[in-house]
Amino acid sequence: EGFKNHVKKYDINDVEEYTGISKGRVLELAKIIHEGKRVSFWWTMGVNQGYQAVRTAQAVINLALMTGNIGRPGTGANSITGQCNAMGSRLFSNTTGLYGGGEYTDKARRKVVAKALGIDEEMLPKKPTIPYNAIIEGINNGTIKALWVLATNPVVSWINSLEFKKAAEKLEFLAVQDIYSDTETCKYAHLILPSTNGLKKEGVLINTERRLSKIQPVLEKKKDELSDYDILLGIGNALGMGSLLDKWKTPRDAFETLKECTRNMPCDITGVSYDMLKDSKGIQWPFKEGDDIEKEERRLFEDGKFYTPNKKAKFIYEDIINPPFEQSEEYPYILNTGRGTVGQWHTQTRTREIPDVEAIIMKKGYININTDLAEELGIKENDMVKVSSPNGISNQFLVKLSRTVKKDQLYAPMHYIEANSVLPSIFDTYSKEPNYKYGPVKIEKIN
């Protein structure tokens with residue numbers, strides 16, 4: 001009832017003004033969902049990297065719930081993320097909840113996890129760790145003095161990335177752990193911890209469909225080569241953690257330790273053994289002790305019960321929040337960022353080594369501008385333009401004309417340092433995901 005009252009305040013006759021999507025298309029979509037016997041909803045980074053990313057995803061989930069398109073074959077609300085272990089990191093990252101699920105404030109759950117880890121309950125955090133944006137703010141206001149960066153290149157990838165550059169210059173100690181020593185972030189490091197690449201690692205991934213897969217090393221590590229796991233374990237030993245590391249000596253030990261944390265939880269994997277995964281097609285959780293290995297799929301919510309105290313799903317919603325910066329007379333265009341070509345990946349640290357990719361990509365930051373807008377502004381293909389945003393940053397881009405970009409929008413591939421630095425520091429209220437998809441800007445032709 002609350003959700004029904006919430007949506008009454010919105011008028012379908014206004015939808016085009018606010019979204020650019022016509023009333024007819026919205027009605028057509030509603031009809032497709034209503035008449036569909038099996039409807040599945042899918043979204044990618046355009047939703048996940050917005051300033052209201054969580055609430056937008058929850059709105060899609062609400063559609064699946066209210067139409068019964070969840071818990072049945074061919075249905076569901078499905079987020080496609082870019083990382084092979086996205087599901088695994090959600091369950092076991094230990095940044096916002098306990099291993100295998102549960103709130104830090106849940107006393108019973110704390111006892112179970114502490115026992116599984118073989119540690120005193122007081123060693124578990126009392127609250128989630130601070131998000132990335134708060135870490136950067138902490139460095140820049142002087143409350144954080146040291147940072148350890150693993151397998152990422154935030155000088156390029158971070159939103160309003162000059163803020164991270166300022167932080168990197170201010171740190172008393174910056175350690176960067178990577179398989180490359182020449183990333184933009186490494187240039188500011190006081191210590192570089194060189195890791196081997198994925199071809200020499202072992203462990204377990206959990207993919208989008210909740211399937212556990214074993215990672216086998218393709219190549220043997222050379223003498224003195226260390227994986228990320230080896231480095232973390234070595235730091236732990238150097239810090240004198242001693243017997244606290246007994247359950248973490250190898251990736252196999254880590255799997256068994258984390259597995260025990262899942263007992264009696266929705267993601268229970270206590271029936272999975274490390275060796276069972278080696279030559280399998282992957283095993284989908286939940287897979288409790290005694291479950292049938294021949295059953296390849298285990299569907300969630302098919303009994304209509306959810307992981308809440310009353311077993312009912314929750315509709316989560318709130319009024320739309322305007323972003324801190326919007327289109328204006330001074331900043332009339334919207335900058336969107338994303339992938340440039342299928343061969344490029346994030347900050348191009350690795351994909352620059354692929355000759356076929358290097359042969360087709362631009363070597364410097366470029367921006368796609370609608371052909372009609374370019375004509376109005378007297379801008380031609382391969383001209384240089386200056387793009388400025390409310391965060392006070394201006395960068396130069398090479399122009400590539402496009403008919404797939406809307407007239408009042410610009411699109412810049414995220415792989416170049418020019419792109420992310422012009423986006424203001426706007427973050428989702430709940431996840432603190434950076435807003436890579438919406439930044440008001442102005443453009444000027446460079447003569």
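For this chain, numbers begin at 1 and follow the sequence in order. Note that the coordinates shown come from a computational prediction; the quantities given were computed from them, not determined experimentally.
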Item to check | salt bridge (charged side-chain N to carboxylate O under 4.0 Å, His left out) partners of residues 177-187, not counting sequence neighbours, each pair once | outcome: D182-R352

Next on the checklist: Can a side-chain donor-acceptor contact be found between T81 and S79 if the only test is distance below 3.5 angstrom?
Outcome noted: no

Next on the checklist: Suppose we screen for side chain to side chain contact (heavy atoms under 4.5 Å, CB included). Which residues come up paired with E122, at least two apart in sequence or across chains?
Outcome noted: D120, K126

Checklist entry - Any chance NZ of K221 has more than 12 other-residue heavy atoms, nucleotides or ligands included, within less than 6.0 Å? => result yes

Checklist outcome for this item: Heavy-atom closest pair (Q344 atom, T351 atom, distance to 0.1 Å) is CA-OG1, 3.9 Å

Item to check | Donor on one side chain, acceptor on other, D228 and S195, under 3.5 Å | outcome: yes

Next on the checklist: Between E1 and K4, does any side-chain N to carboxylate O distance fall below 4.0 Å?
Outcome noted: yes

Checklist entry - Crowded around E103 CD? As in, over 12 foreign heavy atoms under 6.0 Å? => result no

Item to check | NZ or CZ of R55 within 45° of Y430 ring axis and under 6.0 Å | outcome: yes

Next on the checklist: Please give me the minimum heavy-atom distance between N85 and V204, naming the atom from each residue.
Outcome noted: OD1-O, 4.3 Å

Next on the checklist: Parallel, tilted or perpendicular, judged at 30° and 60°: which one describes the rings of Y132 and W158?
Outcome noted: perpendicular

Checklist entry - Looking only at heavy atoms, what is the nearest atom pair of N78 and S40, with distance? => result ND2-CB, 4.0 Å

Checklist entry - Among side-chain atoms of N336 and Q409, is any donor-acceptor pair under 3.5 angstrom? => result no

Item to check | Parallel, tilted or perpendicular: rings of F306 and F301 (30°, 60°) | outcome: parallel

Item to check | Y438 and Q52: side chain donor to acceptor below 3.5 Å | outcome: no

Checklist entry - If you draw a 6.0 Å radius around NZ in K165, do more than 12 non-hydrogen atoms from other residues or ligands fall strictly inside? => result no

Next on the checklist: I'd like to know if K364 and E418 make a salt bridge, using a cut-off of under 4.0 Å between side-chain N and carboxylate O.
Outcome noted: no

